[in-house]
Amino acid sequence: MSEVAVPEMMMPPPAMPAAFQVEKPVPGPGMGDFSYVGIDAILEQMRRKAMKQGFELNIMVVGQSGLGKSTLMNTLFKSKVSRKSVQATSQEKIPKTIDIKSVSHDIEEKGVRMKLTVIDTPGFGDQINNENCWQPIMKFINAQYEQYLQEEININRKKRIPDSRVHCCIYFIPPTGHCLRPLDVEFMRRLSKVVNIVPVIAKADTLTLEERDFFKQKIREELRANGIDVYPQKEFDEDAEDRMINDKIREMIPFAVVGSDQEYQVNGRRLLGRKTKWGTIEVENIAHCEFAYLRDLLIRTHMENIKDITSSIHYEVYRVRRLNENNTAIPCPPCPMIPHFPLKPL
Amino acid sequence: MSSCIKLGHLLWYIYNIIVTLTQTCHRSTVHGLFSTHVQSGEGARAVPLAGHVGFDSMPDQLVNKSVNHGFCFNILCVGETGLGKSTLMDTLFNTKFEGEPTQHNQPGVQLKSNTYELQESNVRLKLTVVNTVGFGDQINKEDSYKSIVEFIDTQFEAYLQEELKIKRTLHSYHDTRIHACLYFIAPTGHSLKSLDLVTMKKLDSKVNIIPIIAKSDAISKSELTKFKIKITSELVSNGVQIYQFPTDDETVAEINSTMNGHLPFAVVGSTEEVKIGNKMVKARQYPWGTVQVENENHCDFVKLREMLIRVNMEDLREQTHTRHYELYRRCKLEEMGFKDTDPDCKPFSLQETYEAKRNEFMGDLQKKEEEMRQMFVQRVKEKEAELKEAEKELHEKFDRLKKLHQDEKKKLEDKKKSLDDELNGFKQKKTAAELLQSQAQQAGGSTTLKRDKERKK
């Protein structure tokens with residue numbers, strides 16, 4: 001490898017890469033067995049830092065009222081995290097307009113602290129005329145991106161920009177057993193472009209296993225036909241291993257879930273479930289419903305990936321769109337001369 | 001001119017951001033069939049969990065992601081030639097990095113950087129080692145620190161540019177910002193050189209400085225303690241902020257605070273191996289003994305490796321990003337005239353500042369253009385005048401020559417005329433003479449005949 005000396009410290013014209021030409025990395029000679037440098041200690045350092053900083057997760061639940069959204073949230077996080085538990089009066093009236101309510105909680109498990117924000121959308125799809133009911137939700141999601149963007153371009157910015165961007169949107173599909181309704185298709189089509197959507201079949205205990213499979217297949221077909229890419233998105237698979245894992249998941253979505261925050265005695269153990277006259281549905285039993293898969297996907301295996309996709313893809317798309325909005329006159333930014341901006345008044 | 005381009009470039013990026021942001025602020029709320037009412041939770045409340053949820057795997061997920069992505073770490077070695085910088089790097093990372101020792105006759109300080117990919121178990125590290133070549137070799141060392149500061153700023157600038165781009169790829173961006181600067185102090189045993197103090201003072205707000213005493217096998221133990229004390233006191237009295245190992249995390253607070261007391265580390269580097277007992281260790285062999293690099297009684301190499309790599313690498317990277325880079329970014333943006341005031345008029349003031357700046361800039365441009373035009377017109381006039389002068393001169397010359405020519409011609413004609421006259425005269429005389437001669441001859445002929453006849457008689 002030749003050593004490159006920096007000739008002068010002048011900034012080159014913007015079109016070229018950085019002034020300092022870094023050598024293409026070459027594989028260094030193998031490490032001796034007898035001497036250990038300790039580079040892999042950085043993993044431990046990162047883990048420590050992560051534990052100290054804590055994590056943030058923002059989940060939005062969307063669906064008609066009565067589909068068990070709040071219950072599912074409580075089941076997922078095994079505590080009273082939904083908005084109903086926070087409100088003083090548990091009003092069950094259907095609101096006349098879509099309200100977007102977000103509630104934050106600090107939860108901790110084995111030393112790992114997480115700030116969980118559950119964003120609820122009561123009133124979605126409940127009106128007679130549901131046209132444009134996705135608009136307030138889109139607006140909210142974009143407002144979060146906007147807030148982050150504003151903070152990011154600040155001159156004096158905080159060490160850690162508070163992340164209120166919606167990482168994941170769980171969409172509840174009512175268990176009709178036939179196919180997706182136009183509202184569902186429309187909503188998912190629009191929102192899959194700005195946020196990670198995880199569709200679930202709510203109250204799946206009303207479907208038998210065959211009906212469930214049929215329903216799922218129909219849904220998958222319709223999603224495919226409409227070009228809706230739900231999480232895990234095919235185009236963001238990083239490598240073959242990822243693709244394999246995600247393909248397995250893609251064959252199972254939408255998950256048919258049952259939520260419950262009440263415990264019952266089953267076979268001598270206390271389990272979360274729903275007790276009916278004909279039996280007790282165990283929430284965490286994968287033979288009964290797919291809640292466990294959803295929980296594993298969302299929390300235990302893919303949480304980081306979800307956050308990653310939100311911040312590096314959806315947010316970036318929003319940012320690019322925002323920054324390009326006013327500059328249709330100029331094709332590409334890096335020009336050596338100051339272009340003539342048309343300052344359009346609003 | 002290039003600074004003009006830089007300015008314009010940066011302004012372009014920031015313009016985009018500002019104009020679109022003002023749009024948001026002006027945009028009226030959407031009055032549709034529904035109006036939104038966003039109510040955020042009143043500060044997060046702590047909620048106990050009734051069972052195992054499973055998000056304690058988050059740190060593992062994070063770590064896995066980072067492992068797949070790889071890490072990068074950039075070290076800058078500042079020190080005079082011959083202090084063993086390259087050897088120390090080789091020893092630290094247990095590999096043989098390439099490069100021959102540099103000469104001492106460099107005209108200025110240059111920075112040579114090399115990137116290597118190291119792998120240990122499943123961790124891939126992209127290590128960049130930057131060496132200062134020719135530091136302290138010049139006769140006049142006033143400007144030695146400048147190229148180092150410029151280099152560091154260039155890396156920050158590159159990152160800033162990437163961050164401000166519209167279509168950016170921060171995820172896969174190869175971070176070249178310097179995370180740690182190892183400052184090599186020559187083992188004089190007395191105190192810091194003034195060059196060291198000046199350089200460190202200039203660098204302390206831009207990079208994490210870790211001072212180390214190089215080739216410390218030249219100093220005895222007692223001298224070493226005195227030397228270290230002297231160095232730390234000099235650094236403190238001159239207000240140089242060196243990197244302090246963080247003590248806020250309980251797991252490492254203790255070890256870090258002890259190590260903070262051992263700064264600057266006295267190190268010895270060696271890539272040669274010597275058999276001690278029944279092991280091969282890295283050491284330097286002298287006639288009077290062997291200095292073992294990894295022996296804590298002999299030198300502080302192990303401490304340095306521990307601190308730099310095994311305990312604080314992540315913290316170094318974080319400090320670089322959150323402290324030094326932010327400072328640079330703030331200064332750079334403020335330099336261009338952007339400030340944010342209170343939250344509610346943020347975008348506006350940014351736009352106003354920007355507008356003002358832009359107008360100023362355009363005004364400047366226009367002025368320059370005017371100036372240039374004036375100058376151009378002036379020059380043209382001057383040139384025209386000159387040309388006219390020259391033309392006049394030429395005409396005069398031409399006239400003069402013509403006159404001369406005519407005079408000459410006239411003279412020649414006169415001469416010719418006189419010559420002709422002479423010729424004519426001559427001819428006349430000639431014909432007259434000839435006539436006379438012929439007459440005379442006739443008469444003479446007869447006389448000669450007569451004379452001849454008389455003689456004969």
Side-chain angles (χ1 to χ4, degrees), chain A residues 1 3 5-6 9 11 14 18-19 22-23 25 27-29 31-32 35 37-43 45-47 49-50 55 77-79 97-107 109-110 112 114-115 132 135-136 153-155 159 299-300 304 312 320 322-323 325-326 333 336 338 346, chain B residues 2 5-6 8-9 16-17 19-20 26 32 34-41 44-47 49-51 53-59 61-63 65-66 93-95 98 110-112 114-118 120-121 123 125-126 150 154 158 166-167 171 249 309-310 313-314 322 330 333 340:
Chain A
M1 336 157 235
E3 294 173 335
V6 179
M9 291 304 169
M11 205 41 188
V22 168
E23 275 285 309
M31 311 286 275
S35 218
V37 177
I39 295 179
D40 51 1
I42 195 174
L43 297 181
Q45 299 170 29
M46 284 200 80
R47 188 169 286 134
K49 182 175 95 164
F55 298 91
F77 290 99
K78 294 228 168 60
S79 60
T97 56
I98 291 190
D99 256 353
I100 299 194
K101 292 204 167 74
S102 87
V103 186
S104 294
H105 306 272
D106 268 334
I107 46 183
E109 190 176 47
K110 293 204 181 129
V112 179
M114 181 152 87
K115 180 160 179 257
N132 298 332
Q135 263 183 12
I153 71 159
N154 234 348
I155 292 186
K159 261 200 176 167
I299 301 177
R300 295 189 187 172
E304 187 56 41
S312 57
V320 168
R322 278 288 273 137
L323 298 182
E325 242 164 29
N326 231 16
I338 295 272
L346 290 159
Chain B
S2 72
I5 296 175
K6 248 198 291 187
H9 198 55
N16 289 333
I17 296 171
V19 173
T20 49
H26 284 306
F34 311 104
S35 64
T36 56
H37 159 67
V38 179
Q39 162 201 315
S40 57
R45 32 185 276 263
V47 182
L49 296 176
V53 177
F55 61 85
D56 55 341
S57 65
M58 271 302 276
Q61 292 180 36
L62 190 62
V63 161
K65 181 182 83 159
S66 303
F93 291 99
N94 206 29
T95 61
E98 220 176 87
Q110 287 180 332
L111 286 103
K112 282 203 168 92
N114 294 310
T115 309
Y116 312 94
E117 275 213 13
L118 306 171
E120 196 170 74
S121 57
V123 177
L125 179 73
K126 212 179 248 183
E150 269 187 58
T154 315
I166 293 185
K167 272 216 168 102
H171 187 66
D249 187 347
I309 303 176
R310 295 188 192 171
M313 199 195 269
E314 182 61 33
T322 51
R330 196 171 27 234
L333 291 181
D340 23 67

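Here is how names work: the chains are called A, B, and so on, in the same order as the sequence lines, proteins then strands, and each is numbered from 1. Note that the coordinates shown come from a computational prediction; the quantities given were computed from them, not determined experimentally.
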Next on the checklist: Let's test your reading of the structure: which of A:Glu109, A:Lys78, A:Met114, A:Lys159 forms the most heavy-atom pairs below 4.5 Å with chain B?
Outcome noted: A:Glu109

Checklist entry - Got a donor-acceptor contact below 3.5 angstrom from the A:Arg47 side chain to the B:Leu62 backbone? => result no

Checklist entry - What heavy-atom pair brings A:Ile299 and B:Ser57 nearest, and what distance separates the two atoms? => result O-OG, 4.0 Å

Next on the checklist: Please give me the minimum heavy-atom distance between B:Met313 and A:Gln45, naming the atom from each residue.
Outcome noted: N-OE1, 2.8 Å

Checklist entry - Considering only heavy atoms, which portion of B:Val123 lies under 4.5 Å from any heavy atom of chain A: side chain, backbone, both, or neither? => result side chain

Checklist outcome for this item: Cut-off 4.5 Å, heavy atoms of chain A, and the answer for B:Lys65 is side chain

Item to check | chain B contact via A:Phe55 - side chain, backbone, both or neither, heavy atoms under 4.5 Å | outcome: side chain

Checklist outcome for this item: Closest non-hydrogen atoms of A:Glu304 and B:Gln61, given as atom of the first, atom of the second and distance, are N-OE1, 2.8 Å

Checklist entry - Measuring from A:Ile42:CD1 to B:Glu120:CD, what's the distance to the nearest 0.5 Å? => result 11.5 Å

Checklist entry - For B:Ile309, is it the side chain, the backbone, both, or neither that has a heavy atom closer than 4.5 Å to a heavy atom of chain A? => result both

